[in-house]
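FYI, side chains are in, hydrogens and waters are out, and symmetry mates aren't considered; it's all heavy atoms of this structure. Within every chain, numbering begins at 1; the chains are lettered A, B, ... in the order of the sequence lines, protein sequences first and strands thereafter.
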Amino acid sequence: MNPRMMLATTGRVLDQLRHDHRSVALMLVVPALLLTAVYFLYENETVPPGAPRTFDRVGLMMLAIFPFVVMFLVTSITMLRERTSGTLERLLTTPIHKTDLLFGYGLAFSLMAALQSLVATGVAYWVFGLEIKGSPGLVVMIAVVNAVLGVALGLLCSAFARTEFQAVQFMLVVVVPQILLCGLFVARDRMNEVLEAVSNVLPLTFSVDALKEIAGHAEATDVLWQDTGIMAAIVLAVLVLASLTLRRRTA
Amino acid sequence: MADPAAAVQVGGLRIVRAGRDILQDIGFSISAGRITGLLGPSGSGKTTLMRAIVGVQRITSGTVTVLGRPAGDPALRHEIGYVTQSASVYPDLSIEANVRYFGAMYGVHRRDAAEAIAAVGLEGQARMRAADLSGGELSRVSLACALVARPRLLILDEPTVGLDPVLRADLWERFGAMAASGTTLLVSSHVMEEARHCASLLLLRQGRLLASLTPAELSGQGGSEDLELAFLNVIRQADSDGGPLRSPGEPGPAAETRRTAGMKVPE
């Protein structure tokens with residue numbers, strides 16, 4: 001690892017994003033708009049006094065899922081462009097370490113994800129009065145960890161896509177099953193055994209569990225930290241796998 | 001065999017890709033501090049040979065030694081600059097940002113980036129986005145991204161394609177100055193006319209090294225002052241008699257390679 005090369009990469013990726021106003025706007029605004037849609041979906045529900053609104057549960061999970069999906073897409077396309085344009089091969093002839101490149105990417109998109117989730121979380125709290133027991137800071141933290149997970153999986157998947165068209169299809173393979181099985185639609189203990197077993201090992205499951213902990217407890221719980229730790233370990237493992245797909249020497 | 005003055009030494013190099021022989025029986029050495037031209041028709045294996053020297057190409061057999069180390073050695077990444085045929089830069093970044101980013105990999109200063117940009121004559125447009133440049137300008141940005149590291153060995157794949165004659169002359173002048181200050185350059189081209197800028201030439205055809213000689217020797221062997229014509233004549237000689245190409249220089253290992261290459265040219 002070389003901090004200079006890693007930070008130069010982060011700076012370069014952010015510089016590229018900075019020139020792309022439309023993408024930045026989409027990243028920052030769209031999650032908040034979708035959250036608005038979710039709020040109005042459940043606008044007319046009647047809840048018994050004291051029971052949490054559906055928006056408090058679903059909206060909260062959305063805060064973690066948006067950055068995951070967006071960062072997966074953005075990263076896999078950006079990295080694929082880097083592979084096909086020849087800049088990746090060129091970089092690999094320089095002294096840069098593969099980890100500097102990947103962590104540089106990870107850092108740049110995590111910063112974007114933090115901004116994105118600050119906007120979305122702010123809207124959820126102040127505009128729609130999201131009510132949970134835990135701190136909004138922890139929600140943002142889980143959102144950022146999810147975004148980094150999206151980055152790591154995007155980096156890995158870009159190795160298996162030849163075209164941007166394929167890269168987008170990977171979303172259906174990698175992202176959608178995690179959303180279906182994370183406990184958002186059906187509580188995990190009510191799934192059949194096979195689906196529950198799959199759900200138990202999918203990374204997004206841990207972040208949804210973590211969010212439930214935040215929603216139900218005023219203070220950060222051990223389970224929350226455990227879930228976060230597992231997520232971090234998965235992210236690291238995926239990044240290492242992704243670095244194995246970067247080859248300096250090719251046929 | 002080991003020539004301490006040689007920047008690059010290649011012996012018995014063979015590269016097979018997808019079951020096809022891309023390069024075979026390649027052996028030569030490149031002297032340090034000079035411009036060596038790698039010439040041959042399109043599809044003759046120039047890019048593959050350059051990639052093997054840079055160390056990004058998997059080789060089937062043979063040896064490639066660069067600056068005293070096996071090609072691809074991590075230490076060499078600080079010493080080699082490689083400019084691919086199509087400009088590999090970030091189109092959505094400015095010229096300056098591109099050159100500074102690649103410079104950061106070598107820990108160079110902003111001043112060095114400015115110098116590299118000036119060296120390719122783009123100092124007036126440094127803030128422009130690469131995407132807004134012409135093809136010729138873009139390939140110069142790509143070159144600046146390699147120059148910024150001040151490499152000891154600079155490998156350039158068709159650097160003058162698409163450039164107007166004035167710029168082409170400028171670049172060759174710059175390459176000459178770099179060689180004079182000790183940089184070793186390997187420059188590929190399919191335009192034989194450019195051969196006269198080189199101190200020595202490697203002629204590649206259908207994956208084999210046809211000859212390793214100086215431009216004057218090529219003129220002599222091909223019986224023409226026009227290097228294009230001389231090259232064609234050399235090819236015809238190799239094709240028709242299959243015999244050894246006579247070299248005006250002293251016979252050495254390179255002459256041996258020439259002989260075998262001359263005999264085995266297919267068709």
Examine whether an atom of [X] lies under 4.5 Å from a heavy atom of chain A, and if so say whether it belongs to the side chain, the backbone or both; otherwise answer neither.
{"X": "A146(B)", "result": "both"}
{"X": "A71(B)", "result": "backbone"}
{"X": "S142(B)", "result": "both"}
{"X": "R100(B)", "result": "neither"}

With a 3.5 Å distance limit and no angle check, can you tell me whether R249(A) reaches the backbone of Q57(B) through a side-chain donor-acceptor pair?
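Answer holds: yes.
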Report yes if some heavy atom in the side chain of [X] is under 4.5 Å from a heavy atom in the side chain of [Y]; otherwise report no.
{"X": "D15(A)", "Y": "Y101(B)", "answer": "no"}
{"X": "M105(B)", "Y": "I96(A)", "answer": "yes"}
{"X": "T93(A)", "Y": "V56(B)", "answer": "yes"}
{"X": "R12(A)", "Y": "N98(B)", "answer": "no"}

Please determine, among A87(B), A149(B), G107(B), the option with the most heavy-atom pairs under 4.5 Å with chain A.
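Option with the greatest count: G107(B).
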Among A97(B), P74(B), C145(B), who wins on heavy-atom pairs under 4.5 Å with chain A?
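Highest number of heavy-atom pairs under 4.5 Å: C145(B).
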Taking [atom1] in [X] as the centre, count heavy atoms belonging to other residues, nucleotides or ligands within less than 6.0 Å. Is the count above 12?
{"X": "R83(A)", "atom1": "CZ", "answer": "yes"}
{"X": "H78(B)", "atom1": "NE2", "answer": "yes"}
{"X": "H97(A)", "atom1": "NE2", "answer": "yes"}

Reported OG1-to-CZ distance for the pair T94(A) and F102(B), which is rounded to 0.5 angstrom
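Going from OG1 on T94(A) over to CZ on F102(B), the span is 7.5 Å.
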Which pair of heavy atoms, one from S88(B) and one from S85(A), lies closest together, and at what distance?
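What the structure gives for the nearest pair is CB-O, 3.8 Å.
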Does the distance from a Lys or Arg side-chain N to an Asp or Glu carboxylate O, for D92(B) and R18(A), drop under 4.0 Å?
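The answer is no: the pair does not qualify as a salt bridge.
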Under the 6.0 Å and 45° cation-pi test, does R90(A) pair with Y82(B)?
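No.
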Partner chain B: residue of N2(A), L7(A), D100(A), T9(A) with the largest heavy-atom pair count (under 4.5 Å)
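Counting heavy-atom pairs under 4.5 Å, the top option is T9(A).
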Looking at R4(A), E89(A), H19(A), which has the largest count of heavy-atom pairs under 4.5 Å with chain B?
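Of the options given, most contacts go to R4(A).
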Using non-hydrogen atoms and a 4.5 Å limit, figure out which bit of L17(A) sits close to chain B: side chain, backbone, both or neither.
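For L17(A), neither part sits under 4.5 Å from chain B.
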